[in-house]
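To keep things clear, I will list the structure first and then write my remarks on it.
Because the structure is predicted, anything quoted here is derived from the model rather than measured.
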Amino acid sequence: MAATSSSSSSTVVALAALLFLLLVTCGSCARPASFNASDFTADPNWEAARATWYGAPTGAGPDDDGGACGFKNVNLPPFSAMTSCGNEPLFKDGKGCGSCYQIRCQNHPACSGNPETVIITDMNYYPVAKYHFDLSGTAFGAMAKPGRTDELRHAGIIDIQFKRVPCNYPGQKVTFHIEEGSNPVYLAVLVEFEDGDGDVVQVDLMEANSGSWTPMRESWGSIWRLDSGHRLAAPFSLRITNESGKTLVANQVIPANWVPNTYYRSIIQY
């Protein structure tokens, strides 16, 4: 009888241990972020991410309508407030600035499931997942069913899917903005509106009549600079290289009478 009692006790202990193990294991599955989870969803064309939003509910994100990429007036076309901060795998130390992604949400009742295109214009410093889109209020709400944008915005952190897509700016050419502080021996240039990859990984400058290219350095975001030891001779030609390695040359796009805080539109596009 004592042996039977001991066996029963052992069985109870074993079952309790198994139940505890199952509870612990299932509890870990419910954590809000897993940086070791598979990157891919059931659809191989889409990857899993999480999304939040910030700024005004129908705004473009930060109060100044810019961000860590340096883009100006992202509330206006062609960005039209469809913007997002990206964490490091998306922002890429600034070289992901201008990249375009389709996003969609399907797991919340207010989600439409329809893809929307957003542009990386800022940096997300506090990710909640391996891939984290901190969207503008406008972009977050665009994923909702008609009339349910506020409901979706109140959901907080949501699961989404994303995939990289080519950028397309109809009627736009690659544009260069000479940044404030540029002078005869220092030039800082913001590059915007590149179709295709949407990003820039290298910018080179050719001075007037020089016949040779000088590499510019990434300053921050999509702003590239040249610290010269001599007075720069304009007009300047600029050569840009995107992530795919494709190059474009904007011949003498910056005129001899250039001034800071001014846009200069090229005639080139990917």
Under a 4.5 Å cut-off applied to non-hydrogen side-chain atoms, are [X] and [Y] in contact?
X	Y	value
Asp159	Arg50	yes
Arg104	Asn114	no
Met216	Val189	yes
Leu187	Leu232	yes
Leu76	Val74	no

Calculate, to the nearest 0.5 Å, the distance between atoms [atom1] and [atom2] belonging to [X] and [Y] respectively.
X	Y	atom1	atom2	answer
Leu135	Ile160	CG	CD1	6.0 Å
Glu47	Ile103	CD	CD1	14.0 Å
Leu90	Ser84	CG	OG	7.5 Å

Go through Arg231 and Glu207 one step at a time and tell me if the salt bridge (Lys or Arg N to Asp or Glu O under 4.0 Å) criterion holds. CA-CA 10 Å; Arg231 188 179 184 88; Glu207 298 180 61; over 6 Å; no
Report the residues that fulfil side chain to side chain contact (heavy atoms under 4.5 Å, CB included) with [X], sequence neighbours left out, ordered by chain and then residue number.
X	value
Cys167	Cys100, Tyr169
Ile268	Val174, Leu248, Ala250, Ser266
Pro166	none

Could you tell me which residues satisfy side chain to side chain donor-acceptor pair (under 3.5 Å) with [X], sequence neighbours excluded, listed by chain and number?
X	answer
Gln202	Asp204
Lys246	none
Asn261	His177
Tyr186	none

What about [X] and [Y], same hydrophobic cluster or not, with Ile/Leu/Val/Met/Phe/Trp/Tyr joined at side-chain heavy-atom distances under 4.5 Å?
X	Y	value
Tyr264	Phe236	yes
Ile240	Ile178	yes
Phe176	Met206	no
Ile223	Phe79	yes
Val259	Val185	no

Show every donor-acceptor pair shorter than 3.5 Å between a side-chain atom in residues 140-150 and any protein atom, with sequence neighbours excluded, or say none if there are none.
unit_1, atom_1, unit_2, atom_2, d
Lys145, NZ, Pro109, O, 3.1
Arg148, NE, Glu151, OE1, 2.8
Arg148, NH1, Pro109, O, 3.2
Arg148, NH2, Glu151, OE1, 3.2
Arg148, NH2, Glu151, OE2, 2.9
Asp150, OD1, Arg153, NH1, 2.9

Tell me, which pairs form a salt bridge (Lys or Arg N to Asp or Glu O under 4.0 Å) where one or both residues lie in residues 76-103, sequence neighbours left out?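 Checked against salt bridge (Lys or Arg N to Asp or Glu O under 4.0 Å) - neighbours excluded - the pairs reaching residues 76-103 are Lys92-Glu243, Lys95-Glu218.
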For residues 88-121, pull every pair meeting ring-ring contact (aromatic ring centres under 6.0 Å, His included), keeping only residues two or more places apart or in separate chains.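 Only Tyr101-Phe133, Tyr101-Phe162 qualify under ring-ring contact (aromatic ring centres under 6.0 Å, His included).
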Listing request: all ring-ring contact (aromatic ring centres under 6.0 Å, His included) pairs with a residue in residues 197-230, at least two apart in sequence or in separate chains.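 Sorted result for residues 197-230: empty, none.
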Less than 3.5 Å apart, which donor and acceptor atoms pair up between the side chains of residues 116-126 and the rest of the protein, not counting sequence neighbours?
unit_1, atom_1, unit_2, atom_2, d
Asp122, OD1, Ala68, N, 2.8
Asp122, OD2, Tyr54, OH, 3.0
Asn124, OD1, Tyr126, N, 3.1
Asn124, ND2, His132, ND1, 2.6

Please walk me through it: do Leu238 and Val249 pass side chain to side chain contact (heavy atoms under 4.5 Å, CB included)? CA-CA 6 Å; Leu238 293 171; Val249 175; over 6 Å; no
Which pair of non-hydrogen atoms, one from Leu152 and one from Cys105, has the smallest distance, and what is that distance?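 That closest heavy-atom pairing would be CD2-SG, 4.1 Å.
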List the atom of Ser182, the atom of Ala188, and the distance in Å for their closest heavy-atom pair.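 In terms of heavy atoms, the two residues are closest at OG-N, 3.0 Å.
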Check: Tyr270 ring centroid to Phe193 ring centroid under 6.0 Å: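 No, the ring of Tyr270 stays outside the 6.0 Å limit from the ring of Phe193, centre to centre.
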